[in-house]
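The next block holds one structure in the form of structure tokens; read it before the comments.
Scope of the values below: all heavy atoms of this structure, side chains included, with no hydrogens, waters or symmetry mates.
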Amino acid sequence: MDVIVVGAGIAGLSTAWSLIKAGHGVTILEQGPIPNPLAASGDHHRIIRRAYRADTGYGQLISEAYGAWEELWDDLGENHLDQRGFLCVSREPGDEAEEYREGMEAGGWPIELLTPEAAVERWSFLEAGTFRYAYFSPDGGALHCRKIAGAMAKWLRAHGANVRENCKVTAVDAEAGRVTLADGESLRASRVVVTAGAWVLKLFPELGDELKTYRTALAYVEPPADLRSAWETAPVILDVGGKTDGYMIPLTRGAGMKFGSGLHKVPTEDADRNRTAIAGEGEQIRDLFSPPIARIKEYRVTDVVTCAYTFTADEKFLAREKGKCLIISACSGHGYKFGAAVGRRVALAVGDGDIDRLKHWLRAEQI
């Protein structure tokens, strides 16, 4: 079967990888370079972890995700996961960090619970007296997105895929299995898989009732010199507790240290708008992390990266079939860690036609 994949973020690249392995012919189209720094999966790194609220089901799917990544590393001959564990800090009863702890305990996944004093002794960047407790799990780390994308594009080309960069799709005729490019060129295939991330609404505006687009930004920082060694060996910080909805990726494999917060997420009508950082935006993000991070003003902002995401109301993945087209969307801010597994599942559904099974899996309903 000939398949066109629209979008070369992690979902598109993984779908193309899995389709090629299943013996299909693949053309993958990306509107920018690969990796595309404007894509949701185009930043330096993303967190993988097992922690989810107990009622979501996604915590159980991480095992399959890890298996898919291992298959990918074997094929690439490169491993781009820094498995350094994750840390959560709870500052208020019932905050997100506590919900993640309850999810880990409900799933039977071990964690190491620490008093504030013990946590500060181990991780000197934490501020004593600002949190209730912390906990650590070795089951998490940082996936290095740009290295993954570059390696996957190289693998795809070597295995017969037609990988086309700077090739923007402006329209999809789902019934005919045809896509139209910005230069007027038209391509047809037996199947079209659209994994266009925050740009999907430009191709299928009718999905606007289910998908909402948000713009956010991430601050890269340089820690104080005397804390640098602590951050070089630190786990990823999945949640800093309270209402911050904040996470941190420490210095890892040559990539900078990153702060991100759900409080900095704003709705937008266009994924291409407002992609330039605003003056002082990085400092604004950084300052959300005090408490529980000590001496926050000493962290020097070195860069601000903007991102655009699509979200569903329940923050789950979405799959819609329309004619010969299969639309996969709504990373909802937590999709990267499942990327390789999503690609395998999408390729399976393209091959055997069982879209309902795919939908249940994407919603973590088939466990």
Side-chain angles (χ1 to χ4, degrees), residues 4-13 15 27-46 145-146 149-150 153 163-174 179-187 192-220 258 260-282 284-285 303-313 315 317-318 320 322 325 327-336 339:
I4 294 172
V5 179
V6 179
I10 189 57
L13 288 167
T15 296
T27 295
I28 184 167
L29 308 172
E30 169 54 44
Q31 66 177 334
I34 302 174
N36 186 343
L38 292 180
S41 59
D43 193 19
H44 289 289
H45 37 38
R46 288 285 186 266
C145 312
R146 293 184 182 177
V163 180
R164 296 182 60 176
E165 301 179 65
N166 302 302
C167 191
K168 185 175 183 178
V169 173
T170 56
V172 177
D173 184 336
V179 302
T180 302
L181 308 183
D183 63 3
E185 182 182 358
S186 180
L187 303 174
V192 178
V193 179
V194 176
T195 57
W199 288 265
V200 71
L201 292 176
K202 293 189 175 186
L203 299 174
F204 297 95
E206 65 270 23
L207 292 177
D209 291 339
E210 299 179 82
L211 299 175
K212 303 300 178 187
T213 304
Y214 290 83
R215 182 264 195 201
T216 188
L218 309 163
Y220 280 85
K258 180 170 73 180
S261 169
L263 295 181
H264 205 72
K265 181 181 72 177
V266 295
T268 181
E269 295 180 357
D270 189 336
D272 291 313
R273 290 183 185 173
N274 303 319
R275 296 306 297 266
T276 302
I278 302 165
E281 190 168 16
Q284 182 183 25
I285 297 167
D303 194 16
V304 178
V305 175
T306 60
C307 293
Y309 296 96
T310 50
F311 281 72
T312 54
E315 298 190 3
F317 291 98
L318 174 146
R320 293 291 178 267
K322 185 176 181 180
C325 183
I327 306 158
I328 307 297
S329 192
C331 61
S332 297
H334 67 87
Y336 196 95

Centre-to-centre under 6.0 Å for Phe311 and His334, is that the case here?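 Aromatic pair excluded; centres sit 6.0 Å or further apart.
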Decide side-chain hydrogen bond (donor to acceptor under 3.5 Å, both in side chains) for Arg273 and Thr268; before the verdict, give the C-alpha distance in whole Å, the side-chain angles of both, and the deciding distance to 0.1 Å. CA-CA 8 Å; Arg273 290 183 185 173; Thr268 181; 5.7 Å; no
If I compare all heavy atoms of [X] with all of [Y], which pair ends up nearest, and what's the gap?
X: Pro37; Y: Arg146; result: CB-NH2, 3.9 Å
X: Thr306; Y: Thr276; result: CG2-C, 4.4 Å
X: Cys325; Y: Val194; result: SG-CG2, 3.6 Å
X: Glu281; Y: Ala217; result: OE2-CB, 3.5 Å
X: Ala153; Y: Ile34; result: CB-CG2, 3.9 Å
X: Cys145; Y: Tyr336; result: CA-OH, 3.3 Å

Would you mind checking if [Y] and [X] are paired as a salt bridge, meaning a charged N to carboxylate O distance below 4.0 Å?
X: Lys202; Y: Asp270; value: yes
X: Glu210; Y: Arg320; value: yes
X: Arg46; Y: Asp43; value: yes

Exercise: do Asn36 and Glu30 side chains pair donor with acceptor under 3.5 Å: yes
Pairwise side-chain contact, [X] with [Y], heavy-atom cut-off 4.5 Å (strictly under):
X: Thr216; Y: Val266; value: no
X: Val305; Y: Tyr220; value: yes
X: His45; Y: Lys258; value: yes
X: Pro267; Y: Thr213; value: no
X: Leu218; Y: Ile285; value: no
X: Phe204; Y: Lys322; value: yes
X: Leu201; Y: Leu211; value: yes
X: Leu207; Y: Ser329; value: no

Supply the atom-to-atom distance [X] [atom1] to [Y] [atom2], rounded to the nearest 0.5 angstrom.
X: Thr195; Y: Leu13; atom1: OG1; atom2: CG; answer: 8.0 Å
X: Asp183; Y: Ser186; atom1: CG; atom2: OG; answer: 10.5 Å
X: Ile4; Y: Ile28; atom1: CD1; atom2: CD1; answer: 11.5 Å
X: Ile10; Y: Thr15; atom1: CD1; atom2: OG1; answer: 9.5 Å
X: Leu29; Y: Glu165; atom1: CG; atom2: CD; answer: 11.5 Å

Using a cut-off of 6.0 Å, state whether more than 12 heavy atoms not belonging to Glu269 lie near its atom CD. no
Go through Leu181 and Thr170 one step at a time and tell me if the side-chain contact (heavy atoms from CB on, under 4.5 Å) criterion holds. CA-CA 5 Å; Leu181 308 183; Thr170 56; 5.9 Å; no
Under the criterion side-chain contact (heavy atoms from CB on, under 4.5 Å), I'd like the reasoning laid out for Thr310 against Trp199: C-alpha separation, chi angles, the key distance, then a yes or no. CA-CA 9 Å; Thr310 50; Trp199 288 265; over 6 Å; no
Working note: Val179 + Val6, criterion side-chain contact (heavy atoms from CB on, under 4.5 Å); need CA distance, chi angles, decisive distance, verdict. CA-CA 9 Å; Val179 302; Val6 179; 4.2 Å; yes
